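For reference, the structure is listed below as structure tokens.
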Amino acid sequence: MDYIQNTPEDVAEMLRAVGASSIDDLFASIPADLRLTRPLDLPPALSEQDLVAHLETLAARNRVFEPTRSFLGAGGYNHFIPSVVDALASRGEFFSAYTPYQAEASQGTLQHIFEFQSMICELTGMEVANASHYDGATALQEAVAMSIDHTGRRKIVLSSALHPHARAVVRSIFRAMDVQIVEVAHVRGVTPVATLREAAQDAACVAIQNPNFLGGVEDLAGVAEAAHAAGAVAVASVHPLALAILKSPGEAGCDIAVGDAQPLGIPLSFGGPWCGFIAARRDFLREMPGRIVGETVDAEGKRGFVLTLQTREQHIRREKASSNICTNQALMALRATIYMEALGPSGMRRAAELCARRAHELAAKLARVPGVKLPYSAPFFHEFVAEIPHAAQTLARLQERGFLGGLFLHPFYRDLREHVLLCATERHAPEDLDAFVAALAECLR
Amino acid sequence: MKTIFEKSRPGRATVYFPPPAPGERPIEEILPRTALRARPPALPEVAELEVVRHFTELSHRTFSIDGNFYPLGSCTMKYNPRVNEKVAALPGFARLHPFQPAETVQGMLELLWRLERMLAEIAGMDAVTLQPAAGAQGELTGILLIRAHHVENRQGHRTEVLIPDSAHGTNPATATLCGYRTVSLKTDRRGGVDLEDLKAKLSDRTAALMITNPSTLGLFEERIRTIADLVHGAGGLVYMDGANMNAIQGKVRPGDFGVDVMHFNLHKTFSTPHGGGGPGSGPVACTKLLEPYLPVPRIVREGDRFSFDFSAPKSIGRVKSFWGNVGMHVRAYAYLRAHGPEGIRRNAEHAVLNANYLLARLRGTYKVAYDRPCMHEFVLDGSPFRKYGVRTLDIAKRLLDFRFHPPTIYFPLIVHEALMIEPTETENKETLDAFADAMLRIAEEARTNPEVVRTAPHTTAVKRLNEVKAAKEPIVRCSLCG
């Protein structure tokens with residue numbers, strides 16, 4: 001099947017108007033010896049009915065774990081998504097629109113991005129934000145690039161408690177750019193500020209995550225102070241829902257805040273599409289990559305919104321641009337915007353509190369299971385590390401019982417041998433925690 | 001219309017979560033005060049009905065393909081089939097956690113593996129990574145592969161990337177990000193790469209040529225084989241920007257004309273929705289030569305089992321978290337399976353037919369930048385209307401009054417008053433005719449009543465917006481909050 005509307009009569013009439021005798025004539029500029037003379041080796045076309053059946057078969061070969069029985073987080077979170085998010089974000093006007101290059105016809109897109117920017121600023125305690133980025137990891141990479149631009153220095157300091165994928169992305173991109181990367185190892189689940197302070201000498205930035213990949217709440221203000229003492233930029237990667245209760249990077253004195261908006265109403269979708277965000281203090285506005293929506297007035301003085309500061313962008317600056325980013329994640333940012341507006345400050349606070357409450361209940365219950373240890377004492381939000389005997393096998397046994405028991409950390413941190421990262425959210429009722437702890441105890445028996 | 005902040009009233013909300021249980025400890029007893037924020041974020045307080053009305057009104061102010069013709073050149077605004085949305089939302093795809101063990105996601109991995117094979121066949125290349133999140137990230141990945149190859153082969157003296165002057169701005173930005181110096185290539189009178197200029201600029205400093213084919217002028221680079229041979233002869237590699245694959249899919253394969261690495265824009269060629277500017281997805285295809293450097297993990301098949309392989313010692317590493325914009329991959333896979341080899345080729349044929357038909361109707365009234373049969377898009381030049389005081393921007397704004405989205409304007413940069421038009425294959429003749437009629441009428445207005453064009457649009461929610469003010473006094477967040 002295809003979605004072409006031209007009838008044979010249309011084709012004949014159009015070819016006449018063009019002055020060609022066949023559609024193939026229109027491809028005359030492709031030299032004959034380059035042309036593909038056989039059909040592509042692709043599977044044959046399916047009717048919609050067969051297509052849906054085929055994809056349902058593929059989908060059925062994946063195991064969907066109930067959110068109440070999943071304790072896996074590690075960068076992707078099972079938060080409740082109000083029905084209104086799906087209903088509004090799936091409106092065809094939103095999903096079949098393009099970048100709002102013609103502002104007068106695209107006030108809808110521009111305004112929802114402006115509201116997204118405004119709320120990201122509120123949450124992060126920052127003054128400016130962009131229209132979204134690919135994901136949290138690439139947002140971090142762009143923040144690092146901003147700090148290199150800002151300071152003219154070519155050394156960066158990363159905490160080892162930043163998400164391993166985010167660190168990997170930073171390494172891939174900056175390897176090509178003659179930038180020195182220093183990693184500061186976490187100590188018992190948090191980044192040691194004294195070590196950061198030393199490493200920050202001559203650095204463009206110090207980048208940490210809060211709560212960090214191991215769940216620990218970092219001393220954000222201490223990190224910001226250590227960075228600034230060395231003349232470096234303080235970059236924090238943050239969980240946006242946690243910011244309903246946790247100290248914001250702005251309050252702590254950080255310069256740039258990044259993160260992934262996935263917890264704000266975006267489905268897990270096996271890791272993407274999600275939605276990165278970048279927010280910063282005002283003096284970074286002109287160094288910020290990507291699209292930015294600004295408020296202005298029309299010819300009659302009426303308020304309107306436009307894409308602004310485009311002279312920063314690659315289509316104008318070309319080889320002088322500090323980022324090549326073009327597209328953003330507008331549809332995902334729209335979901336986050338609807339989510340934040342539907343929940344409001346009280347709903348987001350309640351969701352965040354429930355996350356923290358359930359995770360702390362779970363930790364307390366696990367600590368009473370014989371053999372299980374909680375190795376770290378740092379404060380945590382909704383994720384924490386537990387040491388579980390024969391961790392890998394235990395997780396496999398939990399899986400047989402229908403539970404995703406968390407992330408085995410050894411592949412990411414070689415010195416963590418039997419450590420598992422667990423996450424609880426507002427979707428877990430106290431009974432769900434009990435059922436999981438009972439199953440774990442059984443697996444260990 | 002008002003922003004949601006202006007609609008906010010303290011205390012108004014819809015409750016989505018269970019109420020506090022009796023005797024719940026306050027959060028201050030669970031987390032230390034030093035970790036907590038001093039004041040709550042000033043987010044808007046509205047009930048769900050207000051949210052529904054707010055976004056419904058915003059949707060009415062959003063220009064979309066579902067609503068109207070959207071001939072935005074180089075963006076390939078074709079119809080987004082609804083079945084793709086339906087299958088991507090299946091719980092078996094949408095509810096998977098990216099760290100779920102491989103044995104629990106065999107259907108997902110099989111889909112991704114099959115999509116890679118299909119894209120490799122369309123590209124005429126050996127291997128594909130689905131990881132890049134957008135075309136620009138695909139470019140970055142592709143140039144990083146080239147760089148890794150040169151570094152491994154002690155070709156570190158290759159420091160230049162050649163880029164035609166008609167290229168997308170992402171190309172030079174990408175090359176610079178990867179540490180290369182960019183060298184601009186001239187366009188010849190027929191709209192192709194100027195071969196003499198290319199020869200003069202090729203040297204042992206050449207790392208790569210980044211070429212868009214069909215070009216951003218909507219023209220197939222007729223001498224692409226010669227160009228690729230020249231670049232290879234100088235020891236460089238050829239990167240192709242796949243933005244315009246919609247015109248040639250199934251007709252010719254980049255691997256067959258000498259391209260070493262390219263990216264696809266799934267949101268263009270394979271119609272995954274643009275969503276107001278994203279998400280995109282920019283898979284990269286390459287030949288055996290560059291395969292060892294592809295990002296990790298790779299998806300591998302052993303018999304009927306699929307898994308992720310992280311063991312690639314020469315890999316450039318990772319360019320994005322997890323496995324790419326997988327939701328877009330499900331849609332693109334569905335699109336390819338719906339079309340099959342015939343449908344994919346027909347898309348290219350009808351995209352090219354529609355573009356040439358529109359060009360035939362506008363030629364004569366509008367100046368054509370490079371007057372040759374075009375591929376799926378073409379570039380007009382609005383300079384002849386300057387004598388009436390009408391610029392391309394004005395023509396674009398006037399089109400809004402006819403409920404058409406304007407073409408891409410002022411790109412490519414080498415055409416001064418450029419209007420780049422791309423109708424795509426999913427539009428019918430009546431729509432193309434109505435658009436052509438509007439364009440002809442605006443040309444007539446420019447001669448007889450230029451004021452109506454210069455002051456357009458007249459029928460949109462807001463009149464022409466002051467972009468200079470927005471940039472000079474930037475307001476990038478709601479002024480009522482915080």
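Everything numeric here is computed off the predicted structure, so don't read it as measured data.
Thr182(B) touches chain A through its side chain: at least one heavy atom from C-beta onward sits under 4.5 Å away, while N, CA, C and O do not. Within the 4.5 angstrom heavy-atom criterion, only side-chain atoms of Leu31(B), from C-beta onward, approach chain A. For chain A, the nearby part of Leu90(B) is the side chain; its heavy atoms alone come within less than 4.5 Å. Of the atoms belonging to Glu353(A), heavy atoms from both backbone and side chain fall under 4.5 Å from chain B. For Met328(B), the parts lying under 4.5 angstrom from a heavy atom of chain A are both the backbone and the side chain. With a threshold of 4.5 angstrom between heavy atoms, Ser323(A) approaches chain B through N, CA, C or O but not through any side-chain atom. When heavy atoms are compared at a cutoff of 4.5 Å, Leu407(A) approaches chain B solely by way of its side chain, counted from C-beta outward. Both the backbone and the side chain of Ser248(A) come within less than 4.5 Å of a heavy atom of chain B. For a residue to count as touching a neighbouring chain, one of its non-hydrogen atoms must lie under 4.5 Å from one of that chain's; by this rule Phe55(B) touches chain A with backbone and side chain alike. Contact annotation for Leu354(A): only side-chain heavy atoms (C-beta onward) come within less than 4.5 Å of a heavy atom of chain B. Looking at Leu359(B), neither its backbone nor its side chain comes within 4.5 Å of chain A, counting heavy atoms on both sides. Proximity to chain A is limited to the side chain of Leu72(B), based on heavy atoms less than 4.5 angstrom apart. The part of Phe27(A) that comes within reach of chain B is its side chain, from C-beta onward, which places non-hydrogen atoms under 4.5 angstrom from that chain.
Looking at heavy atoms from C-beta onward, Thr3(B) lies in side-chain contact with Phe305(A) at the 4.5 angstrom threshold. Between Ser321(B) and Val169(A), every side-chain heavy-atom pair lies at or beyond the 4.5 Å cut-off. A 4.5 Å side-chain heavy-atom check between Pro172(B) and Arg317(A) finds every atom pair outside the cut-off. Using a 4.5 Å heavy-atom cutoff, the side chains of Phe220(B) and Pro31(A) are in contact. Side-chain contact between Pro43(A) and Met118(B): present, with at least one pair of heavy atoms (C-beta onward) separated by less than 4.5 Å. Side chains of Val252(B) and Leu36(A) form no contact here, defined as non-hydrogen atoms less than 4.5 Å apart. Between Leu43(B) and Arg349(A), the closest side-chain pair of non-hydrogen atoms is not below 4.5 Å. The shortest side-chain heavy-atom distance between Pro279(B) and Met332(A) falls under the 4.5 Å cut-off.
Among the candidates Ser70(A), Pro273(A), Gly271(A), the residue making the largest number of heavy-atom pairs closer than 4.5 Å to chain B is Pro273(A).
For the atom pair CD of Glu467(B) and CG of Leu309(A), the computed distance is 11.0 Å after rounding to the nearest 0.5 Å. A distance of 11.0 Å separates CG in Leu55(A) from NZ in Lys86(B), rounded to the nearest 0.5 Å. Of the inter-residue distances, the one linking Glu48(B) atom CD with Leu343(A) atom CG reads 10.0 Å to the nearest 0.5 angstrom.
A donor-acceptor distance shorter than 3.5 angstrom exists from the side chain of Arg350(A) to the backbone of Pro18(B), with no hydrogens or angles considered. With hydrogens and angles ignored, the 3.5 Å screen pairs a side-chain donor or acceptor of Glu251(A) with a backbone N or O of Ala38(B). Asn62(A) contributes a side-chain N or O that, together with a main-chain N or O of Met108(B), makes up a donor-acceptor pair within less than 3.5 Å.
The heavy-atom pair separating Arg95(B) from Leu268(A) by the smallest distance is O-CD1, 4.4 Å. The shortest heavy-atom contact between Gly277(B) and Ala330(A) is N-CB, 3.9 Å.
Annotation: side-chain contact (heavy atoms from CB on, under 4.5 Å) contacts of Val15(B) (sequence neighbours excluded): none. Remark: Gln310(A) pairs with His315(A) by the side chain to side chain donor-acceptor pair (under 3.5 Å) rule, at least two apart or across chains.
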Chi angles and distances behind the side-chain hydrogen bond (donor to acceptor under 3.5 Å, both in side chains) call for His267(B), Tyr98(A): CA-CA 10 Å; His267(B) 50 290; Tyr98(A) 195 55; 5.2 Å; no
Using the rule given for salt bridge (charged side-chain N to carboxylate O under 4.0 Å, His left out), can you reason through Asp2(A) versus Arg345(B), listing the C-alpha separation, both sets of side-chain angles and the distance that settles it, and then say yes or no? CA-CA 10 Å; Asp2(A) 58 32; Arg345(B) 201 193 62 228; over 6 Å; no
side-chain contact (heavy atoms from CB on, under 4.5 Å), that's the test. Do His350(B) and Ile23(A) meet it? Break it down for me. CA-CA 8 Å; His350(B) 286 261; Ile23(A) 291 183; 4.1 Å; yes
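Electrostatic pairing of Arg37(B) and Glu122(A) does not count as a salt bridge here, judged by no charged N lying under 4.0 Å from a carboxylate O.
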